[in-house]
K.L.:
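One structure coming up, written as structure tokens, with questions to follow.
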Amino acid sequence: MKVNSSKLFILTASVAALTSGLQSCNSSSAGSASTNDAASKVYVAPGKHDEFYNIVSGGFNGQMSVYGIPSGRMFRIIPVFSQHPENGYGFSEESKPMLNTSHGFVPWDDLHHIALSTTNGEHDGRWAFGNANNTPRIGRVSLSTFRTEEIIEIPNSAGNHSSPFITENTEYVVAGTRFSIPLDNSNTDVPINTYKDNFKGTISFIAVDQATGHMSIDFQLLLPGVNFDLARAGKGPSKDWFFFSCYNSEKANTLLEVNASAKDKDFIMAVNWKKAQEYARAGKGKKVPVKYAHNVLDEKTHTATSTMINEVLTLDPKDCPDMVYMMPCPKSPHGTDVDPTGEYIVGSGKLAATIPVFSFAKIQQAIASKNFDGSYDGIPVLKYDAVLHGEVQKPGLGPLHTEFDGKGNAYTSFFVSSEIVKWDIKSLKVLDRVPTYYSVGHLSIPGGPTKKPWGKYVIAYNKITKDRYLPTGPELTQSAQLYDISGEKMKLLLDFPTVGEPHYAESIPASLIMNNSKKIYKIEENQHPYAAKGDNQTKVERKGNEVHVSMTAVRSHLTPDNIEGVKLGDVVYFHVTNVEQDWDVPHGFAIKGANNSEILIMPGETQTLKWQPDRIGVFPFYCTDFCSALHQEMQGYIRISPAGSNVALTYSTGTNLPAATATSTPATTPKSSK
Ligand code: K7E
Ligand code: CUA
């Protein structure tokens with residue numbers, strides 16, 4: 001049968017009309033402004049890899065998460081400041097010390113900002129830093145293991161929001177307080193309304209060891225009682241400087257919504273950190289007593305240790321001339337961002353009608369010629385007009401953050417007007433704007449904060465999703481949106497849901513990370529004191545009321561898998577070593593009634609689950625990770641006898657002993673220990 005070609009045309013056309021009709025009714029909300037070829041631009045075929053890793057802060061889930069760009073597929077959650085029952089982080093004996101602080105064990109925090117390490121201002125793929133906003137801490141994640149390796153607490157701080165931001169060669173990670181407070185070693189029991197007299201802000205400079213990544217607080221700056229919001233290091237010509245946005249220059253301690261919005265201008269604070277470092281070395285600082293925890297994971301023992309530190313070096317700008325300057329910035333600035341050349345510093349005044357752009361060259365001239373507009377708490381204030389490159393006029397409402405594409409363009413997020421605006425850094429002309437759905441907070445361009453942005457995409461991290469996804473009750477998913485920025489006009493390509501509340505994120509080419517990705521821990525390097533590197537090293541030992549089980553896990557059994565002679569009142573430590581040496585073969589371990597979680601043990605690693613039996617009986621334990629066809633057989637029992645029982649401590653695998661009737665007779669063939 002021959003089909004009339006004109007009929008075929010009509011049929012095709014009507015299908016097309018129907019399809020486009022469906023699309024537009026799907027997007028009743030202000031629009032799916034996505035382009036026709038959007039799908040192909042984000043499609044990563046099965047088995048193919050994404051071009052970028054996207055490391056995203058989790059906000060109130062205290063974690064980081066890892067996505068692929070352009071697909072928006074999520075690969076991993078990395079627990080940093082929050083316990084994670086999925087893999088036992090913060091529940092296993094080895095990882096618990098990571099969450100120790102001067103306030104004791106703090107198993108949650110609010111992680112807002114990611115900083116990927118750089119060398120010479122370019123991504124190097126070594127580490128990702130993240131901040132704990134609530135109980136001030138900085139965490140460092142290895143981009144080889146995708147695990148949290150270190151957490152350092154920040155003393156004299158409250159609301160660690162202006163963090164973590166890094167210098168060009170990751171010499172320092174900075175951490176600035178959002179809340180000013182009476183300092184830890186002062187009289188802290190003061191009326192809140194003595195804020196102006198008794199409250200101080202601090203910025204901590206945390207040195208990073210280039211070989212190990214280990215962090216130590218080098219010095220702290222003692223600063224006026226403002227709220228530090230965000231920060232960026234300079235780069236290139238400005239590499240010795242750091243820029244911090246401050247709000248509440250009014251120093252209000254109540255109803256900040258009104259009282260911290262009174263002044264027309266707040267500040268961006270410019271700090272010459274090289275000079276600060278020199279002052280610190282020259283003994284200009286003062287050591288003050290504080291208390292903070294420093295927690296480090298040892299790769300060989302797979303165990304974290306927590307050390308309390310009792311002192312910090314503080315620098316007062318009064319004793320250190322030419323170190324700190326204030327630049328007036330309209331009005332309650334949120335983000336402060338430095339362009340890839342290091343010459344332009346963008347302030348995003350949440351309540352301002354313009355975006356001010358400062359010139360580093362002009363800042364240097366103004367300092368040299370002492371072009372000051374008085375001082376703020378003894379810190380020289382530079383004249384606004386003297387340091388201003390210019391203002392972007394009528395950019396939008398509620399500017400928050402700015403990123404750069406390396407081609408002379410800036411992209412600013414606007415919370416109130418729900419859009420991203422592209423503008424030219426030199427001419428300050430607005431070039432393009434696209435809506436976001438809805439109320440964008442941070443935005444991220446791959447390499448955006450570095451000297452060499454990779455460009456190509458901008459990702460919006462939105463605060464509100466409303467009708468964008470299938471509803472899930474009152475609590476809706478958080479969301480990111482991917483835009484193509486390779487052309488003159490920005491084009492929406494994809495919405496993808498995120499976990500937690502995403503604030504800042506960074507993207508890095510996959511090639512800078514994937515080849516260094518760790519596959520296994522070498523069993524011969526395992527120095528865990530309870531490691532069993534083979535079935536012949538497994539054992540059960542009693543130390544008073546502690547019972548230590550050194551157990552192995554291999555496809556598909558746990559050794560030992562029958563344990564007897566444990567009594568009510570004992571505390572049992574299951575030290576499980578995964579003796580596999582193959583990539584992607586984790587084993588898990590869980591026991592009935594445990595008050596913590598399961599644990600996941602990677603090949604070559606030892607992890608410990610503590611278990612306190614609460615009743616007499618026989619308790620099953622099993623592997624929680626479907627590791628082989630006989631995974632379901634990967635299980636065992638532990639028998640708990642009454643406190644005074646004389647059941648001997650025995651353990652076995654495969655011998656089906658001790659005798660079923662015995663309560664007091666020691667087993668004959670199984671290994672026993674005293
Ligand atoms: Cu979300 Cu960086 Cu805490 Cu702006 S901050 S959005
Ligand atoms: Cu091991 Cu399942």
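Keep in mind that the numbers below use all heavy atoms, side chains included, and drop hydrogens, waters and symmetry copies. Residues take their numbers from the sequence shown, with the count starting at 1. Both counts, for ligands and for their atoms, begin at 1 and track the order of listing.
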K.L.:
Measure His442 to ligand 1 on non-hydrogen atoms and call it side chain, backbone, both or neither using the 4.0 Å cut-off.
P.N.:
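It is both parts that get close, each with some atom under 4.0 Å.
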
K.L.:
Hey, are Glu605 and Arg147 close enough for a salt bridge, meaning a charged N less than 4.0 Å from a carboxylate O?
P.N.:
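So Glu605 pairs with Arg147 through a salt bridge.
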
K.L.:
For ligand 1, which atoms, with element, lie under 4.0 Å from some heavy atom of Lys463?
P.N.:
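Ligand 1 atoms under the 4.0 Å threshold to Lys463: 1 (Cu), 6 (S).
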
K.L.:
Check for me whether Arg468 meets the cation-pi criterion with Tyr437, that is, NZ or CZ under 6.0 Å from the six-membered ring centre and within 45 degrees of the ring axis.
P.N.:
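Flagged: Arg468 positioned over aromatic ring of Tyr437.
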
K.L.:
Run the salt-bridge test on Glu250 and Lys263 with the 4.0 Å N-O cut-off and return the result as yes or no.
P.N.:
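No salt bridge links Glu250 with Lys263.
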
K.L.:
In His112, which N, O or S atom comes closest to atom 3 (Cu) of ligand 1?
P.N.:
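It is ND1 of His112.
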
K.L.:
Report the angle formed at atom 4 (Cu) of ligand 1 by atom NE2 of His334 and atom NE2 of His401, rounding to the nearest 10°.
P.N.:
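Taking atom 4 (Cu) of ligand 1 as the apex, the two atoms subtend 90°.
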
K.L.:
Indicate yes or no: at least one non-hydrogen side-chain atom of Asp625 is less than 4.5 angstrom from one of Ile601.
P.N.:
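With C-beta onward as the side chain, the pair stays apart.
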
K.L.:
Check whether any N, O or S atom of His113 sits under 2.8 Å from atom 3 (Cu) of ligand 1.
P.N.:
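Of the N, O and S atoms in His113, none lies under 2.8 Å from atom 3 (Cu) of ligand 1, which means no.
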
K.L.:
Can you name the atoms of ligand 1, numbered from 1 with element, that are less than 4.0 Å from a heavy atom of Gly441?
P.N.:
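In order of number, 6 (S).
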
K.L.:
Quick check on side chain to side chain contact (heavy atoms under 4.5 Å, CB included): which of Asn131, Ile138, Thr135 does Ile154 satisfy it with?
P.N.:
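The single option meeting the side chain to side chain contact (heavy atoms under 4.5 Å, CB included) with Ile154 is Ile138.
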
K.L.:
Taking N, O or S atoms only and a limit of 2.8 Å, check whether His161 reaches atom 3 (Cu) of ligand 1.
P.N.:
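Short answer: yes, at least one N, O or S atom is under the cut-off.
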
K.L.:
Heavy-atom distance under 4.5 Å between the side chains of Met490 and Lys422, does that happen here?
P.N.:
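In short, these two side chains touch, coming nearer than 4.5 Å.
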
K.L.:
Quick check against the 3.5 Å criterion: does Asp266 have a side-chain atom that pairs as donor or acceptor with the backbone of Lys331?
P.N.:
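No, because the side chain of Asp266 does not come within donor-acceptor range (under 3.5 Å) of the backbone of Lys331.
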
K.L.:
Where's the contact between Asn133 and ligand 1, heavy-atom distance under 4.0 Å: side chain, backbone, both or neither?
P.N.:
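For Asn133, no heavy atom sits under 4.0 Å from ligand 1.
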
K.L.:
Show me which atoms of ligand 1 lie under 4.0 Å from any heavy atom of Leu230.
P.N.:
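Here the atoms of ligand 1 in question are 2 (Cu).
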
K.L.:
In His503, which N, O or S atom comes closest to atom 1 (Cu) of ligand 1?
P.N.:
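Of the nitrogen, oxygen and sulfur atoms in His503, atom 1 (Cu) of ligand 1 lies nearest to ND1.
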
